[in-house]
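Written below as structure tokens is the structure these notes are about.
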Number of protein chains: 2
Amino acid sequence: MLKHSRQRDSIKDFLMGRTDHPTAETVYSHIRETIPNISLATVYRNLTLLADLGEIRKLHTGEGPDHFDGNVAPHDHFVCRSCGQVLDLLQEGSTPVRSMDGSPFDGKVESKQTFFYGLCPDCVEQRPEAEDIGNSISRR
Amino acid sequence: MLKHSRQRDSIKDFLMGRTDHPTAETVYSHIRETIPNISLATVYRNLTLLADLGEIRKLHTGEGPDHFDGNVAPHDHFVCRSCGQVLDLLQEGSTPVRSMDGSPFDGKVESKQTFFYGLCPDCVEQRPEAEDIGNSISRR
DNA sequence: TTAATAATAGGAATTATTATCGTTTTTATT
DNA sequence: AATAAAAACGATAATAATTCCTATTATTAA
């Protein structure tokens with residue numbers, strides 16, 4: 001049985017109030033302003049729980065730590081390899097899922113995530129001829 | 001300047017010879033049969049290097065460790081939450097990348113990854129009424 | 001065939017996240 | 001309101017995946 005908690009409410013509210021896509025660490029440092037003794041483990045615990053409940057989305061960007069999104073409506077994301085920011089994109093038109101031979105995929109599809117990678121509009125402007133890969137944010 | 005190495009060739013050859021999507025650990029244990037004293041760090045180093053060169057693809061599935069794909073032609077992937085296997089899918093029709101307001105996205109898009117999650121055909125057959133989420137493979 | 005430098009092996013270190021566990025909160029039940 | 005059951009918590013240890021470090025070896029250029 002799910003019980004109420006101030007910490008979880010606070011985390012949920014925080015995420016709903018922004019359009020960027022904070023990491024657990026970012027959520028933690030902000031919530032601490034209101035609940036100074038909250039634990040990082042509690043932040044992770046509740047972010048994962050909220051994601052399992054479908055109230056938020058966990059984004060595995062592959063670039064550093066996971067990010068979290070309070071907007072659960074279907075949309076795609078862009079990850080900037082220079083500044084690391086995660087931007088929302090319109091979801092591209094969804095076609096039926098098909099195996100490599102063209103036949104309909106007959107597993108059970110429960111969710112989908114699409115990430116685009118490159119340079120965000122701000123960073124592309126700052127270095128239009130950028131050729132070098134990965135020099136500002138940690139790659140892994 | 002890039003120098004030749006037996007280890008890197010062996011890793012590349014291994015990946016090109018299969019259609020599944022091994023993890024670094026899997027690559028490591030197989031290469032060890034030929035080069036017994038190869039280091040896991042060498043495997044990671046070369047997998048990352050080959051991915052940066054565009055010769056292979058690194059897949060951030062978000063479920064456990066990254067996987068690697070010797071097939072660099074555009075296609076999507078399916079990740080089974082029960083058995084963990086990564087399957088190839090036809091890439092869904094690509095439309096121009098657009099921001100949330102519908103305008104063309106004006107960053108520089110360099111790559112894209114789409115993952116579908118759920119139960120693969122084999123696992124869906126074994127438990128057709130599967131309701132429970134994440135009980136066999138480690139979630140993170 | 002020697003000098004340079006890239007790449008390696010092996011292990012330590014780091015990063016991100018989850019598990020553990022004793023304590024505190026919340027909620028249902030007297 | 002008091003009590004009891006069980007969720008949730010905070011603090012920290014543990015784990016998983018990956019990267020870093022350093023002395024040595026292999027490759028290429030001169």
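Relative ring orientation between A:Tyr117 and A:Phe115 is described as tilted, the plane-to-plane angle lying within the 30° to 60° band. Ring geometry for A:Phe105 against B:Phe78 counts as tilted: the plane angle lies between 30° and 60°, on a 0 to 90° scale.
Atom CG of B:Asp66 is separated from atom C1' of C:dT15 by 14 Å (rounded to the nearest Å). In this structure, CG of A:Asp9 is placed 10 Å from P of D:dC9, rounded to the nearest angstrom. A:Tyr28 places its OH atom 9 Å from the P atom of D:dG10, with the value rounded to the nearest Å. B:Glu25 places its CD atom 16 Å from the P atom of D:dT15, with the value rounded to the nearest Å. Put simply, NZ on B:Lys58 is 11 Å from C1' on D:dA17, counting in whole angstrom units. Atom CG of B:Leu40 is separated from atom P of D:dT18 by 9 Å (rounded to the nearest Å). Atoms CG (B:Leu50) and C1' (C:dA7) sit 13 Å apart, rounded to a whole Å. Here C:dT18 presents its C1' atom at 15 Å from NE2 of A:His60, a figure rounded to the nearest Å.
Taking only side-chain nitrogens and oxygens, B:Gln7 never comes nearer than 4.0 Å to OP1 or OP2 of D:dA26. Contact annotation: A:Tyr44 side-chain N/O to C:dT17 OP1/OP2 distance is under 4.0 Å. Using a 4.0 Å cut-off, some side-chain N or O of B:Asn46 falls inside it from OP1 or OP2 of C:dT8. Contact annotation: A:Ser5 reaches the phosphate of D:dC9 (side-chain N/O to OP1 or OP2, under 4.0 Å).
Nucleotides of DNA chain D nearest to B:Lys3 and A:Arg6 differ in position, and the one nearer the 5' end is that of A:Arg6. Nearest-nucleotide positions on DNA chain C place B:Leu2 closer to the 5' end than the other of B:Leu2 and B:Ser39.
Listed nucleotides: D:dT28, D:dA17, C:dT18. Nearest to the side chain of B:Pro65: D:dA17. Closest approach to the B:Arg45 side chain among C:dG11, C:dA7, D:dA11 is made by C:dA7 (side chain taken as heavy atoms from C-beta onward). Of the candidate nucleotides D:dA29, D:dG10, C:dA7, D:dA29 has the atom lying nearest to any side-chain atom of B:Met1.
Taking 4.0 Å as the cut-off between side-chain N and carboxylate O, B:Arg8 and B:Glu55 do not count as a salt-bridged pair. Comment: A:Glu63 does not engage A:Arg81 in a salt bridge, judged by the lack of any side-chain N to carboxylate O separation of less than 4.0 angstrom.
At the heavy-atom level, B:Ala41 lies under 4.0 Å from base atoms of the strands shown.
Side-chain contact between B:Lys112 and A:Thr114 is present, with heavy atoms from C-beta onward closer than 4.5 Å.
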